[in-house]
Amino acid sequence: MKFSLSIIAALAVTQSAHGFAGMNMNQASSSNVNTDISRRESFANVASIIGGVAGVGVASAFPSLASAFPSDETPRVISRMGGLLERYGDTQRGLSLLVPSGWNKFEGEVGAYDLKWQDLVDPKENIKISSTPVKSTTTSINALGDDVQALGQKLAAKRDAKLMKAEERLTDSILFYTFEFAINDGTHQILCLCVHKGKIWSLDANTTEKRWSKRDEMYNNVAGSFIPKL
Ligand SMILES: *[C@@H]1O[C@H](CO)[C@@H](O)[C@H](O)[C@H]1NC(C)=O
């Protein structure tokens, strides 16, 4: 379900009046609370995401916004697809995700990526995680914008790619933007972005256009399993 921005904005004001707007995202974890509470916490979290902007003045800040924000949680993907995927948890970096079983793993190349997994046969099939520090107060909205379609088009232009999909979701109270690109060099890519704990996180998964139909479900599950916290 989606709520219009004006409702969320109104909620942000209400919530901040009750002191929820500055709530720590970690506290908003919804894994073991009932649906009612989890929904309320989602609201509080979205309120805190847009809180900085709403503080400026709801009426003037959102005069023409047509977009809506997800209000319900999309559960983290946990399916291992019958063994095709295996869980990778990294306590040092504070992240976890499902990765293709048996792929080669590479650790951090400064400026390029934090972690990379690569198919044993075809190096063009790879998944990588990168992070960029931002101010601790930065949210997905003020780092990436509030219009997932517009951001997708901008990223597609940068990549010389066609934008195939642009979606947003709230998972474990973190706002994720997910894109699918058909790049002109014959690469098909899933890109997942979010901001959490003072970092912009990016997960991208590449394959060739030829192999995309075989990787589609798996890559979307990898992206849907990624969470930059433990
Ligand atoms: C994924 O594909 C794009 C487009 O070819 C390329 O720029 C990028 O470096 C690739 N990523 C990796 C990790 O090879």
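Note: hydrogens, waters and symmetry copies are ignored here, and every other heavy atom, side chains too, is used. In each ligand, atom 1 is the first atom listed, and ligand 1 is the first ligand listed.
Close contacts of ligand 1 with Asn126, meaning ligand atoms under 4.0 Å from a residue heavy atom, involve 11 (N), 12 (C), 13 (C), 14 (O). Atoms of ligand 1 found under 4.0 Å from any heavy atom of Asp185 (numbered from 1 in listed order, with element): 4 (C), 5 (O). Every atom of ligand 1 is numbered from 1 in the order shown, and the set under 4.0 Å from a heavy atom of Asn206 is 1 (C), 2 (O), 3 (C), 8 (C), 10 (C), 11 (N), 12 (C), 14 (O). Less than 4.0 angstrom separates some heavy atom of Lys128 from each of these atoms of ligand 1: 11 (N), 13 (C). Close contacts between ligand 1 and Ile183 involve ligand atoms 4 (C) [criterion: under 4.0 Å to a heavy atom].
Inspection of the Asn221 and Tyr219 side chains reveals no N or O donor paired with an N or O acceptor under 3.5 Å.
Protein heavy atoms come within 4.0 Å of atom 5 (O) of ligand 1. Protein heavy atoms come within 4.0 Å of atom 14 (O) of ligand 1.
By the neighbour-count criterion of 12 heavy atoms within 6.0 Å, atom CD1 of Ile78 is sparsely surrounded, having that number or fewer from other residues, nucleotides or ligands. No more than 12 heavy atoms of other residues, nucleotides or ligands shown are found within 6.0 angstrom of NZ on Lys154. Glu217 CD: 12 or fewer foreign heavy atoms inside a 6.0 Å radius.
Contact check on Glu86 versus Arg80 returns no salt bridge, with no Lys/Arg side-chain nitrogen under 4.0 Å from an Asp/Glu carboxylate oxygen. By the 4.0 Å N-to-carboxylate-O rule, Glu167 lies too far from Arg169 to be salt-bridged with it.
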